[in-house]
Amino acid sequence: MERYNTREREAHWQAVWQREAAFEAAELPDRPKYYVLEMFPYPSGRIHMGHVRNYTIGDVIARYKRARGFNVLHPMGWDAFGLPAENAAIERKVHPREWTFENIATMRQQLKSMGLSLDWSREFATCQPEYYEQQQKLFLAFLGQGLAYRRKSWVNWDPVDQTVLANEQVIDGRGWRSGAPVERRKLEQWFFRITRYADELLQAIETLERWPEKVRTMQRNWIGRSTGAKVRFRLADREEWIEVFTTRPDTLFGASFLALSPQHPLSAALAEHSPELASFLEECASLGTSEAAIEQAPKLGFDTGLEVLHPYLPEMRLPVYVANFVLVEYGTGAIFGCPAHDQRDLDFARRYALPVIPVVAPADQDEETRAHYVRHLAEEASEAYDGPGVVINSHFLNDLEVEAAKRAAIERLEQLGEGEGEVQYRLRDWGVSRQRYWGCPIPVVHCAGCGVVPVPEEQLPVTLPDDIDLGKGGNALEHHPTWKHVDCPECGAPALRDCDTMDTFVDSSWYFARFCSPFAEQPVDAAAARYWLPVDQYIGGIEHAVLHLLYSRFFMRAMKDCDLIDLEEPFSSLFTQGMVVHETYADEKGAWLSPAEVVVGGGKAETKDGRPVTIGRIEKMSKSKKNVVDTDHIIASYGADTARWFMLSDSPPDRDLVWSEAGIEGAWRFNNRVWRLAKSPERSMAAAGTPMPDGAKEGESGTLLRQLHRTVEGVTQDLERFHFNRAVARVHEYVNALTSLKAEDEAAAWVRRFGVETLVRLIGPMMPHLGEELWEALGGEGLLCDQPWPEADPVFLVEDTITLAVQMNGKLRATIEVPSDADKETAERLALADESVQRHLADQTPRRVIVVPGRVVNIVV
RNA sequence: GCCCGUGUGGCGGAACUGGUAGACGCGCACGACUCAAAAUCGUGUUCCUUCGGGAGUGGGGGUUCGAUUCCCUCCACGGGCACCA
């Protein structure tokens, strides 16, 4: 039997699409646009199954929207700066640029073999000077607006590699590469003022209706808005104040101490005159920052000997501690401790024998219970009470509910001038400086006389030097003999370039906007951006739920404030797909085995030479567990369409997809089945373009026609809702019906031909190569990718008769055929007349009959 | 600890707004074709059953004529955040 040669035919159609420039987009103002984008890949080496899934989903949407008449933009590029390139350079002695572009070449080829409807004419890599020049312009624009600024900040410092580490690069308090204990250092760093938009970014989450609720929640939590008060505690004996932030001003009368962060400026100042404090601060700095270390670390403090005055009770004095659990980054870096109603404060108070003063009690306690509650909490409890209730022991706040007490407390603070209501965010400004070579250079010069001087626009781009020695560790740009030495653009005196590069998240925060006009002389061309943006459908992994997606939202606002774009929200609809996972295999010694080394069948597995294999957990594909399936191998064996079909068929796209050999085999069978169905001559010959014969609506042909239109309707709905697995199931059902159409008359021949043509149109977005192949075989005009989407004819969506379920007391007893327009009385009469119903009814009289037209008849006895 | 998800056959999963649970696929079994195998096609496949039925969507309870769907509660798994004052 003739077989479908995927390798040859898929390559053929890819070449045709390329030759015809089928997917190159242009701005066509009279047509509705649709911008679909998948998160662009980091060129790490090769495409993995996660990419295949991501780009398959995006391509289905792109091709479907194109068929629906949209002017589709579907571009691709490379997130090409980053640490792995530098590591490869060190390990393999290749230049990061060379390594990166080799990977890009490989991965581009792999993506092309998937048959994606991408506009390759817009391709760029973020490491190209043409791209990062524009990014440097953005940086300078931000600088001009006060959105980029410089300040000293605490960083994770790797003393061996001589570099700053991101939080994610610190594992159990040690540098991820050097293994050396990480130090806290204060360095001059560049920041983007994302906090300026904290409230706006939070508010606007409500408008992102087509984003997953999960992502919206994560962003809300990340921004972390909390309302409370700033309170000034005056130091006894000095005209100085310590500011604290609290969300519980209602518990101020329960305060028994103040605590400063070890990094609080006052802590450092005091340590200058106190060796004991200095050594305590050192101890705090050396403590691990890992989760485990934090969990186990006791609450330690150092009594500074200072005292502050209570803002409401000037006669009351509170001791000031430095405490290891107070974060410098949040609030003011200082807290007041209310042990009765905060667990951490209670732990601390018990350790240092500080007073515990209950000031909130659960409402509706009788006198005795309350007395017991207060005594217990004050004297022995190890758990603080942070529940609701009424305020006690608190002068003017007494008997108020907690929320009312907060308002009253703030009001009094403001009257006294000792504080005011305030909103705090967890969100901090975005530190973008990286002491790395392979990134976008920060376009400023440091001049002894003029300070920080922006590089003038005509001198951009500030390009990375090629002759670089990455072997020395630390910042290679810093070590470069000549690169950093320039004349100050303002005064002409010898000056130094900023040797830091930008965080790679900067590169990905605006690339989607650049795709609208990838070769423009400014970051974005206003007309192109106005036409294409926002991205209508963005697709990617949940791992970017916060950083990338939040930074991009920030960037659009920042660019808007620089008059570079007129947009706030970059992505109107977001879809986060699940991971591709696979069984893990281990041999008798516990060593991991790759799927290629294992033969699986009937729930058992062994190696190819017959040794026993243990089937382990299903996990994300990873090199370390060896449960990786090679994409090239799959595409070479089964073709891209089969891989795509399988990606869509088994699981809903937002859940994890279990890759299985059996699953891909099933998709392969279906691929061939459709090919044979459409290729068999008796099905494709007759009836092209002729009007529907009279008899087609009757009998077997009529049944198939109705199913055809139902399928079109259903698949359309499914694709709109990202229910690809259901669309696949529907197409399966439809193919089953189409194959079993037995009639041989003229009407059947016509329906068969029309049925196959419709099938080809429906599978086009999902299996595009096979679609083109069969479109051609059917004698279709032009390319399938330019054909309109089939329309369901409502006439065929209504049935003459419907099946009605008949229940007795909610249990199914029969099904009956009734005319689809039958009224309640008819349905009830037919149901009661049913033989099976009569048998179950015996002598009983129905007490009640509920008829839901079109659904069910329930007889209650 | 707090905040989200998710629990349905041997497996992946369907079931729109409370109305025939298990669509479709995988796997398995049997059959057809074949000298044989592969491929292909067909039939069956939730469990129990005395073949009348009965049970069943993580467990328990509730609302309803009727619950996978709504409410309460507990359990398991997954994810996010986490000394955030």
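Scope of the values below: all heavy atoms of this structure, side chains included, with no hydrogens, waters or symmetry mates. Reminder, nothing fancy here: chain letters follow the sequence lines and each chain counts from 1.
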For [N], the Watson-Crick or wobble counterpart (both distances under 3.5 Å):
{"N": "rG66(B)", "value": "none"}
{"N": "rU57(B)", "value": "none"}
{"N": "rG7(B)", "value": "rC75(B)"}
{"N": "rA36(B)", "value": "none"}
{"N": "rA14(B)", "value": "none"}
{"N": "rA85(B)", "value": "none"}
{"N": "rG42(B)", "value": "rC30(B)"}

Between [options], which nucleotide gets closest to the side-chain atoms of [X]?
{"X": "Leu327(A)", "options": "rG19(B), rU6(B), rA85(B)", "value": "rA85(B)"}
{"X": "Thr247(A)", "options": "rA85(B), rG19(B), rC24(B)", "value": "rA85(B)"}
{"X": "Ala805(A)", "options": "rG53(B), rC41(B), rU20(B)", "value": "rU20(B)"}
{"X": "Leu812(A)", "options": "rG13(B), rA21(B), rG53(B)", "value": "rA21(B)"}
{"X": "Asn858(A)", "options": "rC41(B), rA85(B), rG19(B)", "value": "rG19(B)"}
{"X": "Arg655(A)", "options": "rA14(B), rC24(B), rC65(B)", "value": "rA14(B)"}
{"X": "Ser651(A)", "options": "rC24(B), rG12(B), rA85(B)", "value": "rG12(B)"}
{"X": "Asn725(A)", "options": "rG13(B), rC65(B), rU20(B)", "value": "rG13(B)"}

Say you pick atom [atom1] in [N] and the same atom in [M]; how far apart are they, in whole Å?
{"N": "rA82(B)", "M": "rA14(B)", "atom1": "P", "result": "32 Å"}
{"N": "rC28(B)", "M": "rG80(B)", "atom1": "C1'", "result": "40 Å"}
{"N": "rU46(B)", "M": "rG42(B)", "atom1": "C1'", "result": "23 Å"}
{"N": "rU43(B)", "M": "rG25(B)", "atom1": "P", "result": "11 Å"}
{"N": "rU69(B)", "M": "rG7(B)", "atom1": "C1'", "result": "14 Å"}
{"N": "rC84(B)", "M": "rC74(B)", "atom1": "P", "result": "25 Å"}
{"N": "rC72(B)", "M": "rA67(B)", "atom1": "C1'", "result": "15 Å"}
{"N": "rG59(B)", "M": "rC65(B)", "atom1": "C1'", "result": "26 Å"}

Length of the [atom1]-[atom2] vector between [X] and [N], whole Å:
{"X": "Trp675(A)", "N": "rU40(B)", "atom1": "CH2", "atom2": "C1'", "value": "14 Å"}
{"X": "Glu583(A)", "N": "rG10(B)", "atom1": "CD", "atom2": "C1'", "value": "13 Å"}
{"X": "Arg220(A)", "N": "rA82(B)", "atom1": "CZ", "atom2": "P", "value": "17 Å"}
{"X": "Trp222(A)", "N": "rC2(B)", "atom1": "CH2", "atom2": "C1'", "value": "16 Å"}
{"X": "Lys299(A)", "N": "rA85(B)", "atom1": "NZ", "atom2": "C1'", "value": "12 Å"}
{"X": "Asp386(A)", "N": "rA82(B)", "atom1": "CG", "atom2": "P", "value": "19 Å"}
{"X": "Arg216(A)", "N": "rG5(B)", "atom1": "CZ", "atom2": "C1'", "value": "15 Å"}

Check whether any side-chain nitrogen or oxygen of [X] sits under 4.0 Å from OP1 or OP2 of [N], and answer yes or no.
{"X": "Ser226(A)", "N": "rA85(B)", "result": "yes"}
{"X": "Arg676(A)", "N": "rC41(B)", "result": "yes"}
{"X": "Arg248(A)", "N": "rA85(B)", "result": "no"}
{"X": "Arg855(A)", "N": "rC65(B)", "result": "no"}
{"X": "Arg344(A)", "N": "rG1(B)", "result": "no"}
{"X": "Lys811(A)", "N": "rG53(B)", "result": "no"}
{"X": "Arg669(A)", "N": "rC26(B)", "result": "yes"}
{"X": "Arg813(A)", "N": "rG54(B)", "result": "yes"}
{"X": "Asn221(A)", "N": "rC4(B)", "result": "no"}

Have a look at [X] and say if it touches a base, only the backbone sugar-phosphate, or nothing, with a 4.0 Å heavy-atom cut-off.
{"X": "Val326(A)", "answer": "base"}
{"X": "Asp347(A)", "answer": "nothing"}
{"X": "Thr815(A)", "answer": "base"}
{"X": "Arg839(A)", "answer": "sugar-phosphate"}

Next on the checklist: I want to confirm an ordering. Mapping Ile850(A) and His732(A) to their closest nucleotides on RNA chain B, which one lands closer to the 5' end?
Outcome noted: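 On the 5' side of the pair lies His732(A).
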Item to check | Which residue lies more 5' along RNA chain B, comparing Ser660(A) with Ile542(A) via nearest heavy atoms | outcome: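 Nearest nucleotide further toward 5': that of Ser660(A).
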Checklist entry - Would Lys299(A) count as a cation-pi partner of Phe348(A), with NZ or CZ less than 6.0 Å from the six-membered ring centre and within 45° of the ring normal? => result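 Judged by the rule, Lys299(A) and Phe348(A) form no cation-pi pair.
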Carboxylate-amine/guanidinium proximity below 4.0 Å for [X] and [Y]:
{"X": "Glu243(A)", "Y": "Lys230(A)", "value": "yes"}
{"X": "Arg232(A)", "Y": "Glu420(A)", "value": "yes"}
{"X": "Glu329(A)", "Y": "Arg426(A)", "value": "no"}

Next on the checklist: Syn or anti for rG53(B)? Use the chi torsion, O4'-C1'-N9-C4 for purines and O4'-C1'-N1-C2 for pyrimidines, with syn inside 90° of 0.
Outcome noted: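 Anti, angle beyond 90° from zero.
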Checklist entry - Does rG61(B) fall in syn (glycosidic angle within 90° of 0) or anti? => result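 Glycosidic conformation of rG61(B): anti.
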Checklist entry - For the residue pair Trp675(A) and Tyr4(A), does the interplanar ring angle fall in the parallel (under 30°), tilted (30 to 60°) or perpendicular (over 60°) class? => result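 Trp675(A) and Tyr4(A): parallel rings.
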Item to check | Glu418(A)/Tyr312(A) under side-chain hydrogen bond (donor to acceptor under 3.5 Å, both in side chains): CA gap, chis, key distance, verdict | outcome: CA-CA 9 Å; Glu418(A) 306 280 358; Tyr312(A) 297 145; over 6 Å; no
Checklist entry - Does the separation of the ring centres of Trp211(A) and Phe575(A) fall below 6.0 angstrom? => result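 That pair fails the under 6.0 Å test.
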Next on the checklist: Looking only at the aromatic ring of each residue, does the gap between the centers of Phe233(A) and Trp241(A) stay below 6.0 angstrom?
Outcome noted: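 No - the distance between ring centres of Trp241(A) and Phe233(A) does not fall below the 6.0 Å cut-off.
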Next on the checklist: Taking atom types as they are modelled, would you say the side chain of Arg426(A) forms a donor-acceptor pair with the base of rC2(B) within the 3.5 Å cutoff?
Outcome noted: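 Answer is no: no donor-acceptor pair is held.
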Next on the checklist: Would Arg673(A) and Asn736(A) count as a side-chain hydrogen bond (donor to acceptor under 3.5 Å, both in side chains) here? Give the steps.
Outcome noted: CA-CA 10 Å; Arg673(A) 202 170 157 217; Asn736(A) 288 344; 2.8 Å; yes
Next on the checklist: With side-chain contact (heavy atoms from CB on, under 4.5 Å) as the criterion, how do Leu260(A) and Ile242(A) come out once you've worked through the C-alpha distance, each side chain's angles and the decisive distance to 0.1 Å?
Outcome noted: CA-CA 9 Å; Leu260(A) 305 172; Ile242(A) 297 174; 3.9 Å; yes
